[in-house]
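Below you'll find the structure, written out as structure tokens, and then a few comments.
Both ligands and their constituent atoms are indexed starting at 1 by order of listing. Treat the numbers as computed from the prediction; the structure is a model and nothing was measured.
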Amino acid sequence: MDYDENMNDCSNVNSFNKENIMAAEEEEKKLRSEEPEPEEEEEEEEEMDPKHKLIQIIVSTILLIVATVITKLNPNLAMWQKLLIFLVPYFCAGFDVLKEAGESIGHGEVFNEDFLMVVATVGALLIGFVPGGKANFTEAVFVMLFFQVGELFEGIAEGSSHRAISQLLDIRPDTANVERDGKVEVVSPDDVKVGEIVVIKPGEKVPMDGVVLEGKSSLNTVALTGESAPRDVAQGDDILSGCVNESGLLRVKVTKAFGESTASKILELVEHSSARKSKSEKFIAKFARVYTPIVVFAAVAVAFLPPLLSGNFTANFATWLLRALTFLIVSCPCALVVSVPLAFFGGIGASSKCGILVKGSGFMESLSEADTVVFDKTGTLTKGVFEVSAIHPEKMDAKELLHLAAHVERYSTHPIAISLRDAFGNENDGCSVEDVTEISGQGVKATVNGKTVYVGNTKLMDSIGAKWTACEEPGTIIHVAVGSEYAGHIHISDVEKDDAKQAITDLKSIGIRKTVMLTGDREKVAKHVAEDLGLDEYRAELLPADKVDNVEKLLAEKPDGKSLVFVGDGINDAPVLARADVGIAMGALGSDAAIEAADVVLMDDKPSKIAKGIRIARHTLLVARQNIVIAIVVKIAILILAVFGYAPMWLAVFGDTGVLLICILNSARTLSTKV
Ligand code: ADP
Ligand code: MG
């Protein structure tokens, strides 16, 4: 019952407490304007890094060659003199690694990759001083250099996937041309208020959501929806921020503040998506935390135990110390730590390219395990654009019945409400509409010109004791009662979305076990739609709470390790969206509550995108798992070779960085997933 009340609260807030909302928006805006700066700095730093790193690597390589030549030309140099010479390229190659290792020890985090590298390289520099040890100066510098090469590639790969995502989401408008006092001013979109009029020239991005007052044009929506066909707009049409105005000049009345507009919402979603970690990423993080200390202790054991047990410590220590150092180098878990999140990042990018916004890699993972897909009907499988096809009044004329219905529905965002208002047309005729209460899944109650009027389904009529008349026509029937007196019904019909049937066929073809439709609509309508689209099951006449119960049951039925996806437009189904393993919301039609409650948002409301999203998710998971296997297998193999003395230090380094490169390149494949 809780959410029922909440939902009602929401709809009331939406319609009546505009001031509060505005105040909240203001506050949010303030917060937002404080936030972005550090983020931007961070990005810049990341982008600068690879160039610096490359220069550092080149200079260190030259210094290493010089040091090698000097020591070769002067074979009589003492060990400490050689050490001093090699320390020059060593510090050049590794000053930042040394600094970071020092800092993290300061923070009490000992076992990270920088620390491993420092121990391994310092060990290699000093091993020549151990009785029986051979100098390994070149190798020590080499290890540091290769580690830096790995970091360089890591930086490049992360930078390029960042850029790829921001490019395909190149929807943040920089300026808005706003009409003020008869003049057009160019301002930041943040400064434009709801209700102001903006002018959008051809070639410009639509700065905020609004409705066209004047002009005709076609909009390029590819950045938002992945759809390349332009959308024609004219007077009266709603337009979304982030689209590009292609041909005509448009005058648009702003309906949403910048922070609340589509473009900002999407950017926010994508920017925060990496914070929601997948199980694989959490596993890797945990793995690294446990694995690194184990390897360090194992390395200590390799260095000390065999020589101690051999009975002649001094003779054998140098050999085993070298093996232990090699062991440490291979053990660096960076290939995993870097490449797995990168794979998810790429997958999220690939799906955004198709207009599918996945809010985090955890949802990517659940989506790949989809087994049951549950749909809402109205607005999800059907267009949610109802046409009034018949009016059957009792005790009043047809016009009066429609008039009452449209007025009661004045503040509702339900597709039914919108169509009743549209059918009536002249909404502002001075009638008073008060005490509006929306009863989720049943209808709306309001006081119109002093009389209490109920508009909704038979459940609502039954609850107030109105004697309703059954209607034989197919389609949705909206009953109206004044007080508890039945006043007649309005027959409306909806059409299926063009790709709804395809969506179900696609889901079947990729192996989804069960498709189910849950609806609050009549049994008759539900049966017709379910059979027509080829859904496995349907349940009709459900209240939002019944939808949750049904989803709970389906959740209990699905096999372990599989997930349940719920797809809805969020009107009356935000609780189910939140309850499912993955909640998918229709972004353009859906309510803001749905977009917030959902884990995945479809920008163009096309149910056929669901199968596409699942395929991208599966590919992403495959790549992430490949990386885990490649990295662990190669590392374990080299670790074993190292212990038995078959892996020289340079092979270990090569193996380590090589695995990192292979994994990074593999991960990059997810960004260009073709479906
Ligand atoms: P669905 O599950 O198909 O998306 P809803 O749960 O949104 O449908 O609504 C279920 C039923 O409740 C509708 O078919 C309609 O009969 C009634 N209803 C809900 N909201 C309204 C409204 N604003 N006006 C009239 N009837 C409504
Ligand atoms: Mg619905």
M517, E409, E541, R522: member with heavy atom nearest to atom 24 (N) of ligand 1: E409

Nearest-option assignment for atom 21 (C) of ligand 1, heavy atoms, candidates G520, G443, A417, P544: G443

Numbering the atoms of ligand 1 from 1, which are under 4.0 Å from a heavy atom of [X]?
X    : result
H414 : 5 (P), 7 (O), 9 (O), 19 (C), 20 (N), 23 (N)
K377 : 3 (O)
S412 : 23 (N)
E438 : 23 (N)
N457 : 11 (C), 12 (O), 16 (O), 17 (C)

Using heavy atoms and a threshold below 4.0 Å, how should the contact between [X] and ligand 1 be classified: side chain, backbone, both, or neither?
X    : value
V444 : side chain
D521 : both
I416 : side chain

Note: K558-D581 ion pair, threshold 4.0 Å (strictly below): yes

E214/K253 salt bridge by N-O under 4.0 Å criterion: no

N/O donor-acceptor pair under 3.5 Å between D371 side chain and K562 backbone: no

Side-chain (D506) to main-chain (A611) donor-acceptor, under 3.5 angstrom: no

What about [X]: any of its N or O atoms under 3.5 Å from an N or O on ligand 1?
X    : value
G441 : yes
T378 : yes
K547 : yes

Ligand 1 contact by K459, heavy-atom criterion under 4.0 angstrom: no

Among H392, H489, H479, ring-ring contact (aromatic ring centres under 6.0 Å, His included) partner for W468: H479

Parallel, tilted or perpendicular: ring planes of H407 versus F424, cut at 30 and 60 degrees: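 The rings of H407 and F424 stand perpendicular, inter-plane angle above 60°.
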
E438 and Y411: side chain donor to acceptor below 3.5 Å: no

Residue E387 excluded, over 12 heavy atoms near CD under 6.0 Å: no

More than 12 heavy atoms of other groups within 6.0 Å of E394 CD: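 More than 12 heavy atoms, drawn from other residues, nucleotides or ligands, come within 6.0 Å of this atom.
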
